[in-house]
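Right, one structure below, let's go through it.
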Amino acid sequence: MLRLLPFLLLIAGGLVMWHFSARATMRKLTAESRPLNDTRLAPYLERLRTALGVERLPVFVYQIPQVNGLAAPDGRVFLTEGFMELYRAGKVSPEELTSVIAHEIGHVARGHAKRRMLDFSGQNLLRVLLAGVLGRFIPFIGPWIANLITAAVAAKLSQKDEYEADEFASALLIKAGIGAEPQLSLFEKLDALTGARAGATPAWLLSHPATEARMRAIRSNVARWNGA
């Protein structure tokens, strides 16, 4: 039992760190966000709400300039002000912005935000174990290799979540009578809108899958459902 104590303490420490980090993030989101209130988007949100069979959709605008969408562990969904600016400028359509909301609802429905608590602590444990083992055989660069391996594992888990959220969003958009086309059209221009540079980071270290891969997965899902 004493031999396991350092690892148990490590896991407990990771959970505590995640807990305080998550609470700080939730407070920041609450303080710097406002409810989404847009007359053009309202009919599309109503379609999503009806398709889900829920009383309300807790969608908020997070007042930061980055272009992103977020899902909180408490079920709230956030669009950033940067995304809203693109929408108001006519660079993103109401249907395309609705597809972002559907994607973030997918993260909530699949429990991704809550599950990341366990992933976070597990990754910390893996990093420390690998650093200890590799550090003995490969001094100096062992910890660096451990961080690289852990980052690759984290990216793989994150990419899986993104594919699942995309799939949920496609099904929800189709059920709501909007269709999956806005997902695809948004992806076609998203890299240009956000300034993403293809090839800047190895794909296996990216938290999100490559845009083309996500589009292929969406088309494959839709074709499979239509065939059924």
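Under the 4.5 Å side-chain criterion, counting only non-hydrogen atoms from C-beta, R34 is in contact with E81. Side chains of L36 and I101 form a contact here, defined as non-hydrogen atoms less than 4.5 Å apart. Residues L57 and I105 form a side-chain contact, since some pair of their non-hydrogen atoms from C-beta on lies under 4.5 Å apart. Contact annotation: the side chain of H107 approaches that of E162 to within less than 4.5 Å [non-hydrogen atoms, C-beta and beyond].
Considering OG1 of T211 and NZ of K189, their distance stands at 13.5 Å, rounded to 0.5 Å. Taking CD of E164 as the reference point, atom NE2 of H103 lies at 10.5 Å (rounded to 0.5 Å). Taking OG1 from T50 and CZ from R47, the interatomic distance works out to 10.0 Å, rounded to the nearest 0.5 Å.
Across every non-hydrogen atom of L41 and P94, the tightest pair is CD2-O, 3.6 Å. Taking every heavy atom of both residues into account, V61 and M84 meet most closely at CG1-CG, 3.8 Å. When all heavy atoms are compared, the tightest approach of R40 to D38 is N-OD1, 3.0 Å. Scanning all heavy atoms of the two residues, the minimum distance from A213 to Y163 falls at CB-OH, 3.3 Å. In plain terms, the two heavy atoms of E32 and I64 that are nearest each other are OE1-CG2, 4.3 Å.
Applying the salt bridge (Lys or Arg N to Asp or Glu O under 4.0 Å) definition to pairs two or more places apart or across chains, those involving residues 48-59 are E46-R49. Applying the ring pair (Phe, Tyr, Trp, His ring centres under 6.0 Å) definition to pairs two or more places apart or across chains, those involving residues 51-84 are F60-F78.
The hydrophobic cluster containing L190 also contains M215, counting ILVMFWY residues as joined when their side-chain heavy atoms lie under 4.5 angstrom apart, directly or transitively. Under the 4.5 Å side-chain heavy-atom criterion for ILVMFWY residues, no single connected hydrophobic cluster contains both L29 and L79.
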Please output the side-chain donor-acceptor pairs of residues 172-187 that fall under 3.5 Å, not counting sequence neighbours, one pair per line with the distance.
from	atom 1	to	atom 2	distance (Å)
K175	NZ	A51	O	3.0
Q183	OE1	S170	OG	2.5
Q183	NE2	D166	O	3.2
S185	OG	E96	OE2	2.7
S185	OG	E181	O	3.4
S185	OG	P182	O	3.1

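Residue K91 places its NZ atom among 12 or fewer non-hydrogen atoms of other residues, nucleotides or ligands, all under 6.0 Å distant.
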